[in-house]
Amino acid sequence: MSVKVRMAPSPTGFLHIGGVRTFLFNWLFARQQGGECLLRIENTDTSREVAEATQQIQDSLLWVGIDWDGPVTFQLDTADRARELAHELVERGHAYEDDGAIRFRQPKEGTVSWVDAVRGEIEFRNELLPDLVIVRSDGRPTYNFVSPVDDIIDEITHVIRGEDHVSNTPTQINILRALGAELPVYAHVPNINGDDGKKLSKRHGAVGVDEFRNEGYLPAALFNFLALLGWSYDDKTTIMSRHELIERFSLERVVPSPATFDYKKLDWMNGMYLRELQPDEYAHFLCKWLEEQGIDWPKDRVHATAPLVQEKIEKFSQYPDFVRFLFEEVEPPAGLDERVLRAAAERLAQVEPWEATAIEEALRALVDELGEKPRTAFAPIRLAVTGSKVSPGLFESLELLGREQALERLNAAAAAA
RNA sequence: GGCCCAUUCGUCUAGUGGCCUAGGACACCGCCCUCUCACGGCGGCGGCACGGGUUCGAAUCCCGUAUGGGCCUCCA
C-alpha cells in the first residue's frame, strides 16, 4: 500500500514555525516513500477562522519549499458525511444524544494502545476517557470526530502530528474502531520550545514564517535547520540539501523529546547557505529580498556589492547597514588623523586605473612611507569613507564608491579633523 | 488534581549492554590568518537529573523520586 499523509493546519492565523516543522516531517516522509502528501485545512470551528489565513498558510509552505498533492481540502467539506456517520453510531449504540449534541460512547473497560512510530507503545485505560461531543448541538461536527473521519475518506496511512495530539489518539482510535475502519500508523513528533522550555512564542523571537522571510533567511537554510530539530541523520552530518534530506529521512530517527529553537544556529546555517551561493544567485536573492522589504536601491550597484558582502553577513537583514555608505551620505566622526587622510586623498587622486588592486597597492605604499601600521592607518580612511569602523573590504569599497566621492569624503573628514 | 509523554555538554544531537576515560555541530573562550568585520584553520571549556536494582559489565534494561511538558473545551 502506498503511503499517504496529510498536513492539517487550522486557519486561525499565520503559520507557526513549529507547525511548519511538523509538516516538513510529513512532507519528507511522503516524498521519501514516493507517497502522497495532502493539505487539509481543519476549519471545523468556524468561529475561530481568520479570513487571510488559508492563503497565507499556502504561501508560507510554498516559500519554505513544501508542496502538496491534489487540491487543498477543507474539513468542513466533509461535515455532512461526518454527521451521517455520527447518526449511524447512535443507531448502533456507539454514541448517544445529549442536550441536542451527540456524544461518542467510549468502551468502559480494557485499554487502547498503539505503537507510535516515534515513541513506541502507548496505552490508555478506556474507563478514563470521557465521552466526548462529536456533533455540536448546532449540528457542526467537532475536530476529534471529523479528523479521523477525514483520515478514512482520504485513506491516510500515516498520521504524523504534534505530540499535543497524543491524548486525542486513544479516542480517535476508538472512533475508528466503532466505524469499522483500519487504523493508520501514528507518529507524534516532539514540540518545539523557546529557550525557557515553554512553547515557542513571539517573545522568544520570530515564530511566523513571514518573520523569517523578512529577516532574510534562505528557504533552503530554514528547511535544513527545521529538519534537524528532532531528527538527525547520523552523528556528524549537519548541512544537507533538500534532495539528501528526502533520501535520508526516517520516522524511526525522530527523537521523542522536545527541542529548543536555537536562533543562533539558524543564523550560522543561513550564513553557510549564503556563502555557498553562486555570485549571480546571491545577487538575485538579495535583490528579491530588498524588493520585498521596499528598499529601492539601484540594482546594478546592489549586484556590484554582492561579492563584497557574501562572506560577511549571515542574513540579508544585515545587508542595508553594512553597505549603506554606498547608497547614502555618511557622517564620519570628527577628529580623525588629518595627516593620513590628506595623504590618502592626494595619493588616490593619482591612482590609475581606479580598481581595487591598484588602490590597495597605492595605499599600502603610502602607509609604508608614512611609517604607519596598516591597521592604524586604514582605520581613519575607513571611517571617513564608510562612516563606520566595520565595513566591507576597504579597497573594493573605494573602487565601488568612485574616485570623486571617495576624495570628497576624505577631504571633508580631513577638514573636520 | 487525573491521565499521558519526556529527561546525554548552555542549545541541537550521536549513542539501542562492553567500540564511551561519552562523539559531532552551534554558542562561548583563546591562538593563527588579517585593512575593520567576517570567513577559514587550530585548540579549550562543557553533559549521561537523582536513588535503587538487574548484570561479569549500564548513558543504554527495570523500579522509584525529581523536574519539565502535553491533554483533560459543544477548540484544533
Reckon [X] has a side-chain N or O less than 4.0 Å from the OP1 or OP2 of [N]?
X: T260(A); N: rC12(B); result: yes
X: K199(A); N: rG69(B); result: no
X: R253(A); N: rG15(B); result: yes
X: R364(A); N: rC35(B); result: yes
X: R375(A); N: rU36(B); result: yes
X: R119(A); N: rG70(B); result: no

Using atom [atom1] of each nucleotide, how far apart are [N] and [M] to the nearest Å?
N: rA25(B); M: rG64(B); atom1: P; result: 39 Å
N: rC62(B); M: rG18(B); atom1: P; result: 16 Å
N: rG52(B); M: rG47(B); atom1: C1'; result: 22 Å
N: rG53(B); M: rU11(B); atom1: C1'; result: 33 Å
N: rC71(B); M: rA59(B); atom1: C1'; result: 30 Å
N: rC56(B); M: rC3(B); atom1: C1'; result: 41 Å
N: rC45(B); M: rC31(B); atom1: C1'; result: 15 Å

(request) Measure the distance from CZ on R140(A) to P on rU73(B) and round it to the nearest whole Å. (result) 17 Å
(message) Rounded to whole Å, how long is the line connecting atom CD of E314(A) with atom C1' of rA27(B)?
(response)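 E314(A) atom CD is separated from rA27(B) atom C1' by 11 Å.
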So does [X] reach the base of [N] with its side chain, donor to acceptor, closer than 3.5 Å?
X: K264(A); N: rC26(B); answer: no
X: K236(A); N: rA14(B); answer: no
X: N168(A); N: rA76(B); answer: yes

(request) Determine whether the aromatic ring centres of F316(A) and Y282(A) lie less than 6.0 Å apart. (result) yes
(message) If you take the centroid of each ring, where Trp contributes its six-membered ring, are F249(A) and F25(A) closer together than 6.0 Å?
(response)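 Centroid distance F25(A)-F249(A): below 6.0 Å, so yes.
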(request) Evaluate whether atom CD of E328(A) has more than 12 neighbouring non-hydrogen atoms of other residues, nucleotides or ligands under 6.0 angstrom away. (result) yes
(message) Need to verify one output field. Residue with the more 5' nearest nucleotide on RNA chain B, T142(A) or K312(A)?
(response)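 Counting from the 5' end, the first nearest nucleotide belongs to K312(A).
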(request) Tell me whether H165(A) is stacked on the nucleobase of rA76(B), counting only the six-membered base ring and applying the 5.5 Å and 30° thresholds. (result)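 Stacking between H165(A) and rA76(B): present.
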